[in-house]
Amino acid sequence: MKSDMKESGEASFTLNGKTVDLPVFKGVHGPDVVDIRKFYKETSAFTFDPGFTSTASCESKITFIDGDEGVLLYRGYPIEQLAEHSDFLEVAYLLLNGELPDRAEAERFDQSITLHTMVHEQLKNFYGGFRRDAHPMAIMVGVVGALSAFYHDSTDINDPKQRQIAIHRMIAKMPTIAAMAYKYSIGQAFVFPRNDLDYTSNFMRMCFAVQAEEYECNEVLCDALDKIFILHMDHEQNASTSTVRLAGSSGANPFACIAAGIASLWGPAHGGANEAALNMLEEIGTADRIPEFIARAKDKDDPFRLMGFGHRVYKNYDPRAKVMRKACHDVLDALGVREEPLLQVAMELEKIALEDEYFVSKKLYPNIDFYSGITLRALGFPTDMFTVLFALARTVGWIAQWREMIEDPNQKIGRPRQIYTGPSERDYVPINKRA
Ligand code: CMC
């Protein structure tokens, strides 16, 4: 990857009487970045930034978020436009290659992904090793990690062709693996992929078809799920994406790196919030109980938070939430359950919170998870599959970011430093002399 960082000035830093000049870079959008690469060499000091709240870990050309304005761009295109006009594989192509495909490129890409949707027969054996009640994310971590033992012809990460095959395999097999995890958990036979269907319809079919009957995918529902996938495909250097980059920075197998990303996504502070938002709406139950929950959310002595509100980066309405809200209405309309009580509670809660001084002053707006739980449940997915669907979509972002990292000449193995506050050096004490 060619670096496009433009030097725009210098910052001076003085420590213990020594001044060091550090270059400042400008990106296309976003804040300036102080380049501290030579900081340690020149000052013998480290910087301290747990959680990377002030640290850019890499240069990237894939995704941009402006949290104050509520903007999310994939390769420069606003997420709202992509969700409205594009589809999963076209956005995948865009994230991977930087530009929207022309017709021939789109056809070649679709065909390559379609040809890789089946999994090795022996991969099936891994599922049988899991308990039936295993969380599908546990199965995903295991089975995706196991892919690294199957495809030796596509794991030389220094060969661009092999990287390409690994990427296409990963994107193509993810729906098959995720649907198999679901089928296993409910005790139904696996359903093979069908190559005449589009990416999302094929996934819906692999989840909900049974051998005994024909399955027809409802177009509105498939379209809504396709939008949900597009909204979740990439989100800059979040925890799971940074995990994939860090794992990959050592030159590790790409499938194993994606398994690491899935593990990171599983946590409730990351991919698990949609499940929590749905549970909260169920707990609230009826609109008349909303004031009680709003009061709890504001109470400093109560750990309760309004799930689906607030975001580390967005201090404005999450642009994904706007699209999600509409998709949620479309799905409930298509299913004829517009009067779904949870939706009524959600809409009323959103209205009240958007006018409430506490939420307004803290810039706590609905995030993507506020409406995605209701939608996914209406589509027929159980709550423990919600994060799996997130993983399926985010795989595209992970693998695009992984490739960008491998192709970046500035890439080094990720190796953060620390401030050590443990015991100072001391001598070993034999067991009979320990107090
Ligand atoms: N309900 C009530 N108060 C809240 C909420 C909430 N949902 N979110 C933040 N606050 C308050 C918080 O108590 C704090 O108040 P004070 O300044 O008086 O101490 C202030 O707002 C700032 O909160 P913070 O925890 O310092 O902010 P953060 O950036 O560390 O946290 C967050 C972001 C998403 C973890 C948090 O807003 C939250 O817990 N939200 C609910 C969970 C949720 O919906 N998560 C999904 C995030 S979107 C998924 C994704 O993109 O991966």
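Here, residue 1 is the first one in the sequence, and each next residue gets the next number. When reading the values below, keep in mind they use all heavy atoms of this one structure, side chains included, and skip hydrogens, waters and symmetry mates. Numbering of ligands and ligand atoms starts at 1, following listing order.
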Is Leu306 close to ligand 1, meaning an N/O of one under 3.5 Å from an N/O of the other? yes
Identify, for atom 19 (O) of ligand 1, the protein heavy atom at the shortest distance, and state residue, atom and that distance. Lys300 NZ, 3.5 Å
Would you verify whether the NZ or CZ of Lys362 falls within 45 degrees of the ring axis of Tyr358 while also being under 6.0 Å from that six-membered ring's centre? yes
Closer than 4.0 Å: a protein non-hydrogen atom to atom 27 (O) of ligand 1: no
Any chance CZ of Phe192 has more than 12 other-residue heavy atoms, nucleotides or ligands included, within less than 6.0 Å? no
Any chance the side chains of Asp198 and Thr200 put a donor and an acceptor closer than 3.5 Å? no
What atoms in ligand 1 come closer than 4.0 Å to a heavy atom of Lys362? 11 (C), 15 (O), 16 (P), 17 (O), 18 (O), 20 (C), 21 (O)
Does Lys298 have a non-hydrogen atom less than 4.0 Å from ligand 1? no
Any idea which protein heavy atom is nearest atom 47 (C) of ligand 1, and the distance to it? Asn367 ND2, 3.6 Å
The atoms of ligand 1 lying under 4.0 Å from a heavy atom of Asp369, numbered in the order shown, are 46 (C), 48 (S), 49 (C)
So which of His270, His311, Lys315 gets nearest to atom 48 (S) of ligand 1, if we judge by its closest heavy atom? His311
Just let me know how Leu364 lines up against ligand 1, side chain, backbone, both or neither, with a heavy-atom cut-off below 4.0 Å. side chain
Do any nitrogen or oxygen atoms of Phe309 lie less than 3.5 angstrom from nitrogen or oxygen atoms of ligand 1? yes
Closest protein heavy atom to atom 42 (C) of ligand 1, given as residue, atom name and distance to 0.1 Å: Met307 SD, 3.6 Å
Report yes if the distance between the aromatic ring centroids of Tyr314 and His235 is under 6.0 Å, otherwise no. yes
Please round to the nearest 0.5 Å and tell me the distance separating atom CE of Met385 and atom SG of Cys207. 5.0 Å
With ring centroids as reference points, do Tyr365 and His311 lie under 6.0 angstrom apart? no
Geometry only, no angles: is Gly308 polar-contacting ligand 1 at N/O separations under 3.5 Å? yes
Which bit of Arg320 is near ligand 1, meaning a heavy atom under 4.0 Å away: side chain, backbone, both or neither? side chain
Does one side chain, of Gln411 or Arg245, offer a donor that lies under 3.5 Å from an acceptor on the other? no
Heavy atom of Tyr358, distance to ligand 1 below 4.0 Å: yes
Pull out every atom of ligand 1 sitting under 4.0 Å from any heavy atom of Ala297, numbered as shown with elements. 2 (C)
What about the rings of Phe370 and Phe309, do their centers lie closer together than 6.0 Å? yes
Please classify the Arg305 to ligand 1 contact at 4.0 Å (heavy-atom distances, strictly less than): side chain, backbone, both or neither. both
Test Gln401 against every option in Thr241, Asp234, Thr63 by the side-chain hydrogen bond (donor to acceptor under 3.5 Å, both in side chains) rule and name the one that passes. Asp234
Answer yes or no for Arg296 and Phe304: cation-pi contact, defined as NZ/CZ to six-membered ring centre under 6.0 Å and angle to ring axis within 45°. yes
Does the protein place any heavy atom closer than 4.0 Å to atom 33 (C) of ligand 1? yes
Nearest protein heavy atom with distance in Å, relative to atom 45 (N) of ligand 1: Ala273 CB, 3.5 Å
Just jot down the ligand 1 atoms closer than 4.0 angstrom to any heavy atom of Arg312, in number order. 28 (P), 29 (O), 30 (O), 33 (C)
Just wondering, do Leu100 and Arg75 contact through their side chains at under 4.5 Å, heavy atoms? no
Answer with yes or no after comparing the ring centroid distance for Tyr127 and Phe190 against a 6.0 Å cut-off, counting only values under it. yes
